[in-house]
Amino acid sequence: MPELPEVEIVRQSLNKKINQKKVIKVIVRNRNLRFKLPINFETFLKGRKIIEVKRFSKYLIFCFSNDKYCLLHLGMSGTVHVITDNQRNLLTNTSFYNSPTLPIKHNHVEIIFKNLRVIYNDPRRFGFFQIINDSLSLKKKFANLGPEPFQTEFNYKYIISFLKGKNKNIKNFLLDQNFVSGIGNIYANEILFHCKLDPNKKADSLKKDDYKKIILNSRKVLSKAIKNGGSTIKDFKNTSGKRGRFQKNFKVYERKGQLCKRLNCKGIIQKKEISNRSTFFCNICQI
DNA sequence: AAGAGGCCCTGATAGC
DNA sequence: TGCTATCAGGGCCTCT
């Protein structure tokens, strides 16, 4: 569920809390994430200083001095928690189990800094860490990913040339990270609603105006989601345990059977499987 | 080569 | 109450 906006929220709060801090210790409780945590993970991080926390697409990038990097992808259920030593002492002394911020189970990785620690929690273990040894490898890692919606490279010309000769529906393309990166199932649904487009429509049959709407609305929806602290469906929280608010703005996602929110539209939101992903759309205005 | 489908995993929920 | 089935979905992999 963490898509670009949620990852950005995590990045922002992490960058405030751990920038310029040095890793003192790393605790790994479970190496079996989506990809097995490398054997040298702990020694690679230990002693290194964070100089910035960046993001590309749905990847967090911990940047260290000397051109070293560590990627973190949150998969579907990954959350990052930052907790100070003081908060931690209070928790253990009083009601650890009633803590609103820190989960008890599935805290697989802890990265410990002076006075605080970063805890990676992930029930489904679809998330992963990756060590990157120089900026060239970092570039390579992202080479096959498409631009983010915000980038100028995501423009009409690019879309036309990418879609040429391909035969998929538009929703699949929005989910295709090689076409445009950062959009997941929730935001793909929302973006297509704002474009008034049928998710099942073949992408190369769309009009010039539709492509422009897609560019505009993917930027609009994602930036509004970021402004609202991301979306919390079930378990997304920022590093302080605060929930997102953008789910209140959803027009179609998880609204099956409900009335379309567009002014004067009498449509009913439909739910349909498109390539194994639940897809929500209005049966009147999205045609 | 493009596209479809399977797989990894756990927790919540529905149905019996 | 307790069992089983189903669903959620990001990215990588395999098969056609």
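Proteins come first, then strands; the chains are lettered A, B, ... in the order of their sequence lines, and each starts at number 1. The structure presented is a predicted model; accordingly, all values stated were derived computationally and were not measured.
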Taking only side-chain nitrogens and oxygens of [X], does any of them come within less than 4.0 Å of OP1 or OP2 of [N]?
X	N	answer
A:Lys58	C:dG11	yes
A:Arg34	B:dC9	no
A:Lys105	B:dG11	yes
A:Ser77	B:dC9	no
A:His106	B:dG11	yes
A:Lys164	B:dA1	no

Basic-acidic side-chain contact under 4.0 Å: [X], [Y]:
X	Y	value
A:Lys58	A:Glu6	no
A:Asp210	A:Lys201	no
A:Glu148	A:Arg55	yes

Next item on the list: Would you jot down, in residue-number order, the residues of residues 183-193 of chain A having a non-hydrogen atom under 4.0 Å from DNA chain C?
Entry: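 Listed by number, they are A:Gly184, A:Asn185.
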
Checklist line | 5′-ward residue of the pair A:Asn172/A:Arg277 relative to DNA chain B | finding: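 Nearest nucleotide further toward 5': that of A:Asn172.
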
Between [options], which one does the side chain of [X] approach most closely?
X	options	value
A:Arg125	B:dC9, C:dA8, C:dC12	B:dC9
A:Tyr253	C:dA8, B:dG5, C:dC12	C:dA8
A:Lys166	B:dA2, C:dG10, B:dG5	B:dA2
A:Asn276	B:dG5, C:dC12, C:dA8	B:dG5
A:Leu175	B:dC9, B:dA2, C:dG10	C:dG10

Next item on the list: Answer yes or no: is there a donor N or O on one side and an acceptor on the other, between the side chain of A:Lys68 and the main chain of A:Asn133, under 3.5 Å?
Entry: yes

Could you check how far [atom1] of [X] sits from [atom2] of [N], rounded to whole Å?
X	N	atom1	atom2	result
A:Phe179	B:dA1	CZ	C1'	18 Å
A:Asn144	C:dC12	CG	P	10 Å
A:Phe35	C:dC13	CZ	P	6 Å
A:Gln130	C:dG11	CD	C1'	12 Å
A:Asp176	C:dC13	CG	P	15 Å
A:Lys272	C:dA8	NZ	C1'	20 Å
A:Phe129	C:dG11	CZ	C1'	17 Å
A:Gln177	C:dC13	CD	C1'	16 Å

Checklist line | Atom CG of A:Asn144: over 12 foreign heavy atoms under 6.0 Å | finding: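 12 or below, so no.
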
Notebook entry, point to check: Considering all heavy atoms of both residues, which atom of A:Val7 and which atom of A:Pro2 are nearest to each other, and what is their separation?
Noted result: CG2-CB, 4.2 Å

Note to self: How close do A:Tyr187 and A:Ala225 get, counting heavy atoms only, and between which atoms?
What the structure shows: OH-CB, 3.4 Å

Base, sugar-phosphate alone, or nothing: which one does [X] contact when heavy atoms must sit under 4.0 Å apart?
X	value
A:Asn167	sugar-phosphate
A:Glu254	nothing
A:Phe173	nothing

Notebook entry, point to check: Can the ring centroids of A:Phe250 and A:Phe280 be said to lie less than 6.0 angstrom from one another?
Noted result: no

